[in-house]
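Here, residue 1 is the first one in the sequence, and each next residue gets the next number. These figures come from a predicted structure and were not determined experimentally.
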Amino acid sequence: MTLLSVRDVSKRFGGLQAVSDLSFDVARGSIKALIGPNGAGKTTLFNLISGVLEPDRGEIVFCGTALQALSTHQIASRGLVRTFQHIRLFPKMTVLENIMVGRHVHSGAGFLAGMLNLPFTWKEERRIREKSFEIMELLGIADFAGTEATSLAYGQQRVVEIGRALACEPKLLLLDEPAAGLNMRETSEMGGLISKIRDMGVTVLLVEHDMELVMKISDEVVVLSYGQKIAEDRPLSIQKNPEVIRVYLGDDQ
């Protein structure tokens with residue numbers, strides 16, 4: 001069953017055609033990877049899907065709803081959540097507090113209720129805290145609950161960022177280069193974590209440069225070059241695709 005459908009989407013910045021007539025689907029319960037050289041349009045596409053940018057033409061449909069008219073907050077509240085290539089944790093906030101921020105997307109307590117410190121907000125805050133602890137335990141970072149998030153090792157900060165995204169209860173999680181800056185051990189652990197997230201029922205759309213990781217955990221791979229799709233298939237077929245080999249290795253290989 002299709003969870004996300006990208007149909008004939010294009011985006012231009014001045015004289016640069018960043019994404020050109022791009023189409024693909026993401027099946028519910030799968031891990032799908034977007035790969036391609038630098039400048040291929042991967043991050044632009046993530047920005048289009050998550051509502052940061054609007055396409056010049058085409059349509060993006062998530063759970064049967066076209067996303068173009070929705071704000072980033074509305075898109076996130078419907079269950080489409082993303083992380084970023086560069087970690088964006090809140091400094092001076094603990095691991096627990098960072099994850100609780102993600103959980104507040106589903107909070108029923110409004111600003112006025114919070115200002116008045118109404119009993120309803122106490123119960124809501126307790127539920128948010130309990131759910132955040134469940135996520136930290138799942139990710140193996142519960143021992144760092146009271147630690148300032150930005151004081152953790154880089155790989156642990158990546159996990160905290162993913163934990164904050166999971167706190168939003170995503171149906172579809174967009175991961176933008178989750179293994180960037182990680183060593184081999186951390187990258188292997190990240191692959192295991194992404195597979196675990198999929199097994200929890202969260203669909204994953206992944207942008208990643210680490211080809212070993214991509215080929216190991218992905219169900220399908222989309223290859224972009226200069227904003228266009230040049231291939232879409234299962235990992236083993238992608239590795240043998242002559243056009244993909246040419247784009248990555250050059251015509252002289």
Minimum-distance pair of heavy atoms, taken over all atoms of S218 and L206: OG-CD2, 4.4 Å
Taking R57 first and then D21, would you say they form a salt bridge - that is, a charged N and a carboxylate O separated by under 4.0 Å? yes
Side chain to side chain, E232 and I238, heavy atoms closer than 4.5 Å: no
If you look only at pairs with a residue in residues 141-153, which of them pass as a salt bridge (charged side-chain N to carboxylate O under 4.0 Å, His left out), with sequence neighbours excluded? none
Count the heavy atoms belonging to other residues, nucleotides or ligands that lie under 6.0 Å from CZ of R12, then report whether that count exceeds 12. yes
Pairs satisfying side-chain hydrogen bond (donor to acceptor under 3.5 Å, both in side chains), at least one member in residues 191-208, at least two apart: R198-D219
Derivation of the side-chain contact (heavy atoms from CB on, under 4.5 Å) call for I99 and V95: CA-CA 6 Å; I99 292 178; V95 170; 4.2 Å; yes
Does R129 qualify as a cation-pi partner of F133, given the criterion of NZ or CZ under 6.0 Å from the six-membered ring centre and within 45 degrees of its axis? no
Is the backbone N or O of M184 less than 3.5 Å from a side-chain atom of S188, with the two atoms forming a donor-acceptor pair by type? no
Do you know which two heavy atoms are closest between L175 and T83, and how far apart they sit? CA-OG1, 3.5 Å
Might you point out which heavy atoms bring R164 and R88 nearest each other, and give the distance in Å? NH2-O, 2.7 Å
Atom CD of E243 with >12 non-hydrogen neighbours under 6.0 angstrom: yes
Can you tell me how far apart CG (L4) and NZ (K171) are? Round to the nearest 0.5 Å. 13.0 Å
Mind checking whether M190 and I197 sit in one hydrophobic cluster, side chains of I, L, V, M, F, W, Y counted as touching below 4.5 Å? yes
I would like to know whether L174 and L80 meet side-chain contact (heavy atoms from CB on, under 4.5 Å); could you show each step before the answer? CA-CA 8 Å; L174 276 56; L80 195 161; 3.7 Å; yes
Atom pair CD1/CD1 of I31 and I217 - distance to nearest 0.5 Å: 4.5 Å
Could you tell me whether the side chain of Q239 reaches within less than 4.5 Å of the side chain of V244, counting heavy atoms only? no
Salt bridge (charged side-chain N to carboxylate O under 4.0 Å, His left out) between K42 and D176, intermediate numbers included: CA-CA 9 Å; K42 303 182 298 296; D176 194 349; over 6 Å; no
Does M211 share a hydrophobic cluster with L224, counting links as ILVMFWY side-chain heavy atoms below 4.5 Å and allowing steps through other members? no
Should R127 and E130 be marked as a salt bridge (charged side-chain N to carboxylate O under 4.0 Å, His left out) after you check the CA-CA gap, both sets of side-chain angles, and the distance that decides it? CA-CA 5 Å; R127 284 194 293 266; E130 290 171 353; over 6 Å; no
Between the side chain of K11 and the main-chain N/O of Q17, is any donor-acceptor distance below 3.5 Å? no
Are the side chains of L45 and I49 in touch, meaning some heavy atoms are under 4.5 Å apart? yes
Stepwise, does the side-chain contact (heavy atoms from CB on, under 4.5 Å) test hold for I128 with K131? CA-CA 5 Å; I128 290 172; K131 183 62 178 180; 6.0 Å; no
Intermediate values then yes/no, side-chain contact (heavy atoms from CB on, under 4.5 Å), L166 and L139: CA-CA 10 Å; L166 290 176; L139 300 180; 4.1 Å; yes
As a quick check of understanding, evaluate side-chain hydrogen bond (donor to acceptor under 3.5 Å, both in side chains) for D56 and S10, giving each step before the final call. CA-CA 6 Å; D56 296 330; S10 294; over 6 Å; no
Look at the side-chain heavy atoms of Ile, Leu, Val, Met, Phe, Trp and Tyr, link any pair under 4.5 Å apart, and say whether M100 and L152 land in one connected group. yes
Crowding at OH, Y226 (>12 non-hydrogen neighbours, <6.0 Å): no
Heavy-atom count check: over 12 atoms from other residues, nucleotides or ligands less than 6.0 Å from M200 CE? yes
Nearest-0.5 Å distance, CG of residue L70 to OG of residue S50: 12.0 Å
Any donor and acceptor pair, going by atom type alone, linking the side chain of Q228 with main-chain N or O of S225 inside 3.5 Å? no
Is there a side-chain contact between T44 and F13 in this structure, where contact means two heavy atoms from C-beta onward sitting under 4.5 Å apart? yes
Audit row: R7, E59, salt bridge (charged side-chain N to carboxylate O under 4.0 Å, His left out) steps and yes/no: CA-CA 5 Å; R7 282 287 165 264; E59 187 176 48; over 6 Å; no
Would you name the heavy atoms of A180 and Y154 that are closest together and state the gap between them? O-CE2, 3.1 Å
To the nearest 0.5 angstrom, please state how far the CG atom of L34 sits from the CZ atom of F46. 5.5 Å
Any chance you could measure N47, atom CG, to E54, atom CD, to the nearest 0.5 Å? 12.5 Å
Spell out, yes or no, whether F84 and L205 are grouped together once hydrophobic residues are joined by side-chain heavy atoms under 4.5 Å, including indirect joins. no
Test side-chain hydrogen bond (donor to acceptor under 3.5 Å, both in side chains) on D8 and S23 and set out the steps. CA-CA 5 Å; D8 302 317; S23 297; 3.3 Å; yes
At their closest point, which heavy atom of P170 faces which heavy atom of V202, and how far apart are they? O-CG2, 3.7 Å
When you measure from the side chain of Q156 to the backbone of A153, do you find a donor-acceptor pair of N or O atoms at a distance under 3.5 Å? yes
Determine whether F62 and I75 make a side-chain contact, defined as any pair of heavy atoms from C-beta on separated by less than 4.5 Å. no
Between R234 and E220, is there a side-chain N and carboxylate O pair less than 4.0 Å apart? no
Can you check salt bridge (charged side-chain N to carboxylate O under 4.0 Å, His left out) on E189 and R158, steps first, answer last? CA-CA 11 Å; E189 292 173 350; R158 282 280 182 194; over 6 Å; no
Do the non-hydrogen side-chain atoms of N241 and S237 ever get within less than 4.5 Å of each other? no
Minimum heavy-atom distance between V19 and V9, given as atom pair plus value: CG1-O, 3.3 Å
Atom NE2 in H73, atom CZ in R78: separation rounded to 0.5 Å? 10.0 Å
With side-chain hydrogen bond (donor to acceptor under 3.5 Å, both in side chains) as the rule and sequence neighbours excluded, what pairs involving residues 60-72 come up? S71-Q74
hydrophobic_cluster_shared for M136 and L173, side chain cutoff 4.5 Å: yes
